[in-house]
2 protein chains.
Amino acid sequence: MARTQAADFDKRREAIMETAAGLYARKGFLGASVAEIAAACETSKSLIYHYYPSKEDILFDVMYSHVQSLAEAARLIDETEDDPLKKVRRIAAALMVLYAGHEANQKVLLNELANLPPDRRSVIVDHQRQLLDLMDAVLLGIRPDLKTDRPRRRALVMMFFGMLNWTHTWFDPAGPVKNSEIADIASGMFLAGLEKSAPTNSVG
Amino acid sequence: MARTQAADFDKRREAIMETAAGLYARKGFLGASVAEIAAACETSKSLIYHYYPSKEDILFDVMYSHVQSLAEAARLIDETEDDPLKKVRRIAAALMVLYAGHEANQKVLLNELANLPPDRRSVIVDHQRQLLDLMDAVLLGIRPDLKTDRPRRRALVMMFFGMLNWTHTWFDPAGPVKNSEIADIASGMFLAGLEKSAPTNSVG
DNA sequence: CCTACCGATCGGTAGG
DNA sequence: CCTACCGATCGGTAGG
């Protein structure tokens, strides 16, 4: 019976986390109260504190679960795809799927990092850096001439993530443009830009 | 003498606004207290309320002054430059100059819109939409084939602003890459992507 | 799992 | 009378 209760515990905890993610996304971490989270869960404030030690622990959970799935998805593609051009397109597509399916978590991840204490923030930032480093390696495979220009590579990788991450401010998964099209447009611009600025026509 | 006092009033008011912008950017609107703003201004809370009716009015001022200068800069280029390709490059460069020179205002504009009441928020959003509409017209000048595909144009314009606006999360004006280079990279990718996806080779 | 609370701090305002 | 400004404190609400 203890196992059954534990399973139920994790399930309720996750439900609280997802409800909190929605409120944190809409009102901000500081703008959303624990009482509001409890009300949205149709339960009491005390129940929330039974599942989480603090409001901040819920925030960490929202961010950590999401950033981990992003890094994992990219790693999987990196390991199973050889062509660096296809890597870019597949990673963009996979990230957009995860963004569109977890809009609240994505908004919170991008907007509320400052509300974590340094030690927990660095855990999240580490995972984000894994994603950036992975894309940096992919970029280097496409543009080996940039081997000694890390600052420029960093800027280029940030353009890629800029196009994708900015979608949280405007993209509507229910709208006329599908998230797969957004991924195609972003990776298309990224690759076209890399090709056009390359020293030789070795790209393509 | 009344004129001299009025001039001093505006000057002090602006100093408060810029100090508040820095705190709002670092700690968020809800995370920064009026007491902190006063302390950072080396004055009292009451003095702050002498210059602004509320904490929220300061927020509006921070956003409004910034978004207006962004829209104005783009409008000026739009009116004085004929070549749509050059328009893109010049607007990107002008926006990056304003972003780099007003980092705090830019962060606040992008992160704290939800903390304005609907009526004041719509004033800011209207100015942002002017910028988007302007870029949409420029895009249409480059890619007339997209005349009937507004959703796709919107997505393309958002890629442009995604690259530029995402810089507030990573770009360091004191770093090795200049903001003019960022503008070149972003507009280069945008234009290369437009060219590559065009139905004919009419672009360039 | 709830009601009843706490220490602290919030945005905003009082008298002078 | 006005403005510019201060130290102290208001009523409510936050997380816990």
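Order of the sequence lines fixes the chain letters, A, B, ..., with proteins taken first and strands second; residue numbering starts at 1 for each chain.
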query = Under the 3.5 Å rule, do the base of D:dG16 and the side chain of A:K55 count as making a donor-acceptor pair?
reply = no

ask   = Is the base of C:dT3 touched by the side chain of A:S46 through a donor-acceptor pair closer than 3.5 angstrom?
value = yes

Looking only at side-chain N and O atoms, does [X] come under 4.0 Å of OP1 or OP2 in [N]?
X: B:S44; N: D:dA8; result: no
X: B:Y51; N: D:dC5; result: yes
X: A:R12; N: C:dC1; result: yes

Rounded distance in Å - [atom1] ([X]) to [atom2] ([N]):
X: A:I48; N: C:dT3; atom1: CD1; atom2: C1'; result: 16 Å
X: A:K27; N: D:dG15; atom1: NZ; atom2: P; result: 11 Å
X: B:L47; N: C:dG16; atom1: CG; atom2: P; result: 21 Å
X: B:E56; N: C:dG11; atom1: CD; atom2: C1'; result: 11 Å
X: B:Y49; N: C:dG15; atom1: OH; atom2: C1'; result: 18 Å
X: B:H50; N: C:dG16; atom1: NE2; atom2: C1'; result: 16 Å
X: A:E42; N: C:dC1; atom1: CD; atom2: C1'; result: 15 Å
X: B:D57; N: C:dG11; atom1: CG; atom2: C1'; result: 13 Å

ask   = Can you tell which of B:N165, B:T167, B:N179, B:N105 makes a side chain to side chain donor-acceptor pair (under 3.5 Å) with B:Y99?
value = B:N165

message = Applying a 4.0 Å non-hydrogen cut-off, can you work out what A:A32 is touching in the nucleic acid: base, sugar-phosphate, or nothing?
response = sugar-phosphate

key: A:R13 to A:Y51 six-membered ring, cation-pi geometry met (6.0 Å, 45°)   = no

query = Considering the options A:L85, A:D78, A:I77, which one meets the side chain to side chain contact (heavy atoms under 4.5 Å, CB included) requirement together with A:R90?
reply = A:I77

ask   = Is B:R89 reaching over with its side chain to a backbone N or O of B:S187, donor-acceptor style, under 3.5 angstrom?
value = no

task = Test side chain to side chain donor-acceptor pair (under 3.5 Å) on B:Y52 and B:D61 and set out the steps.
result = CA-CA 10 Å; B:Y52 279 100; B:D61 225 8; 2.4 Å; yes

